[in-house]
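Reviewing the structure listed below.
Just so it is clear: chains get the letters A, B, ... in the order the sequence lines come, proteins before strands, and each one is counted from 1.
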Amino acid sequence: MEAVVAQALVNGLLIGGIYALVSIGVTLIFGVVKIVNFAQGEFVMLGMYISYWLATHIGLDPVASLVVSMPVLFVTGVLLQRVLIRRVLGLGDMPQIFLTFALSLLLINVALLLFTADYRTVQTSYSDSAIRIGPVYIGVARLIAFVVAMLLTGALDVFLRVTDLGKAMRAASQSPEVAMLMGINPDHVFSVAVGLSLALAGAAGSLIMPFYSVNPSVGQVFVLMAFVVVVLGTLGNVRGAFIASLMMGIAESLGIQFIGADSGLIVVFAVLLLTLAVKPSGLFGGRTR
Amino acid sequence: MNLRPGYLSALGFLALVLGLVILPQIVPDPFAVDIFIRVLLFAFIGVAWNLLGGYAKQLSLGHAAYFGLGAYTSTILLIRYEISPWIGLLAGGLVAMLASLPIGALCFRLRGPYFTISTIATAQVLMLLFLKFRDFAWGAEGTTIPNLGDSPWMMQFDDKASYYYVVLALLGVGLAVTFWVERSWIGYYLVALGEDSDAAEAVGVNVARIKRDIYMISAFLTGLAGTFYIQYIYFIDPNTAFNFNISVEAALVSIVGGVGTMWGPVVGAVLLEPASALVQSWLGASHGGVQLTLYAVILMAVILWRPDGLLGFFTDIYERIFRASPRGATAPSAIPGMALDE
């Protein structure tokens with residue numbers, strides 16, 4: 001029994017690292033640009049397809065293909081900000097919500113037309129290997145994904161705190177007007193924020209490719225999880241999103257273990273609704289919004 | 001003869017109603033009538049969504065919850081207790097309305113995009129619950145509605161035209177409710193709350209109560225649509241009843257037509273539904289992504305180019321063509337002072 005619980009905890013923690021990459025991306029865009037990106041999951045999907053094609057065509061390892069997927073998605077993010085998001089800033093909820101929502105629909109369905117609904121997997125040398133620690137098995141692919149996800153999260157945290165651009169980003173998120181008066185170019189800062197956020201989503205996609213199958217609607221799982229995480233971890237709070245991601249990974253994993261394979265999402269949504277009922281400002285928020 | 005705008009629009013409205021009533025008689029082709037039914041159904045769902053999303057500016061993407069609850073209520077009453085879907089229609093609406101109370105109590109704690117996300121979650125949870133509890137309502141397999149032949153008392157008809165008239169009546173109810181809401185005190189409160197909910201609260205509008213009330217009305221109407229749809233297609237399962245696309249199309253027709261306007265969702269449905277039906281029949285069901293790709297492109301184009309919806313665009317064109325010269329000619333007699341400006 002303890003072994004089952006321990007196994008579920010470990011699995012949940014490891015996948016929670018991936019949820020953290022996606023959720024931190026969502027919270028970064030929300031914090032800086034004040035937009036909720038409904039299409040974030042679809043950029044995970046793009047990252048996965050990039051790694052899939054690189055693996056099947058030139059035999060590149062999915063984890064190594066980070067070096068392609070992250071820059072490609074960074075550029076995509078800059079374009080997304082410059083071409084689409086910029087046009088709806090300050091226009092109210094309806095255009096802001098439904099622009100990225102439409103983008104999500106578009107990406108899913110174009111992927112469906114181009115790549116069909118088939119589930120595709122990449123088999124690597126380490127896909128099926130596991131390390132045994134006591135009664136618990138740790139999948140090597142999941143462990144690599146978790147470690148790299150932690151490194152990227154840490155790097156982002158340092159970037160936001162130490163570099164001038166990171167500080168400018170935090171300043172723009174706290175008060176865009178004052179930041180502008182201080183000579184910060186909001187266009188530039190917003191583009192980098194969206195670019196970084198999408199690069200994280202792309203990284204998440206590449207990292208899970210060795211143990212997860214890709215299909216056009218795979219992003220939905222991640223974006224729903226990210227939304228729950230971002231509400232639970234207090235909106236716009238990067239560290240809150242990180243801790244909440246690990247918690248939700250564990251909650252989902254325990255749900256799958258003890259209620260049934262199809263119950264992961266029920267647990268996740270139940271946590272969301274419970275959070276709203278008890279503390280709608282999230283775990284790390286002060287007063288109620 | 002001097003026709004005032006009031007008479008003109010009343011005449012136009014009568015002509016529209018007459019045209020809609022005789023439409024399935026002029027075009028009896030079942031494929032065409034099926035498209036008309038879809039247009040009217042999604043116009044009706046859009047009208048229901050628009051009360052909450054357009055007037056109160058609470059952008060729900062979870063209206064499938066109420067659609068599904070309405071659908072399951074009437075189906076369970078019909079199959080388990082042999083109660084007519086006409087009664088099931090009202091019962092479904094009431095169940096949806098009651099469900100909106102706890103759901104609203106939770107979701108209205110969040111604002112803007114996070115309200116939207118929490119509504120997605122509620123509809124998904126309901127779908128998962130209906131999938132999970134097989135003994136309660138047939139689980140994932142779903143069930144067919146027993147075909148009783150041509151029995152109007154059980155909301156089953158041999159000809160499609162009868163279904164057309166049922167959904168036309170539903171749309172009429174939805175528009176009448178919108179008309180009433182626009183002109184009642186609720187309408188003014190809604191405008192205030194939609195503009196700035198904090199300011200509305202400060203001048204004494206009970207924001208929480210107004211949101212709750214309009215959500216109840218919106219959910220009730222959406223529940224009616226659910227019952228009708230399941231009676232029309234003779235089949236129910238959680239994926240049909242709580243389908244995310246229902247939530248999407250409810251918002252889509254309203255946004256494309258124009259949110260917060262009485263006729264916006266109708267215009268949106270008239271533009272979108274035939275287009276999607278035609279695309280589907282040309283390309284067949286094998287091209288799964290075509291319909292939603294089309295919707296996504298239209299939605300983006302409308303948001304970037306005309307965020308107030310296409311109803312406003314058509315009104316502008318109409319004014320430019322028909323109003324420009326005649327208005328100038330009649331204006332002096334109506335408002336003498338204006339003549340100097342012309």
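- The environment of CZ in A/Phe258 is crowded: more than 12 heavy-atom neighbours from other residues, nucleotides or ligands sit within 6.0 Å.
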Pair A/Leu84-B/Leu304, side chain to side chain contact (heavy atoms under 4.5 Å, CB included): steps then yes or no: CA-CA 8 Å; A/Leu84 291 176; B/Leu304 292 176; 3.7 Å; yes
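- Contact tally against chain A (heavy-atom pairs below 4.5 Å) for B/Ile255, B/Val297, B/Leu252: the top residue is B/Ile255.
- Of the inter-residue distances, the one linking A/Met94 atom CE with B/Thr116 atom OG1 reads 11.5 Å to the nearest 0.5 angstrom.
- In this structure, B/Thr293 OG1 and A/Leu112 CG are separated by 7.5 Å, a value rounded to the nearest 0.5 Å.
- Top candidate by heavy-atom pairs under 4.5 Å with chain A, chosen from B/Ile120, B/Val125, B/Leu61, is B/Leu61.
- Taking all atoms of both residues into account, the shortest heavy-atom contact from A/Ala102 to B/Ala296 is O-CB, 3.4 Å.
- Among the candidates A/Leu106, A/Leu107, A/Leu105, the residue making the largest number of heavy-atom pairs closer than 4.5 Å to chain B is A/Leu106.
- Using a 4.5 Å heavy-atom cut-off against chain B, the contacting residues of residues 223-230 of chain A are A/Leu224, A/Phe227, A/Val230.
- Considering every non-hydrogen atom in both A/Leu99 and B/Ile303, the closest pair reads N-CD1, 3.6 Å.
- Contacts between B/Ile103 and chain A at a heavy-atom distance below 4.5 Å are absent for every atom of the residue.
- With respect to chain B, the highest number of heavy-atom pairs below 4.5 Å among A/Val110, A/Ile108, A/Asp93 belongs to A/Asp93.
- Of residues 30-47 of chain A, those residues lying under 4.5 Å from chain B by any heavy-atom pair are A/Phe30, A/Val36, A/Phe38.
- For B/Phe115, no part sits under 4.5 Å from any heavy atom of chain A, backbone or side chain.
- The closest side-chain heavy-atom distance from A/Phe101 to B/Val248 is below 4.5 Å.
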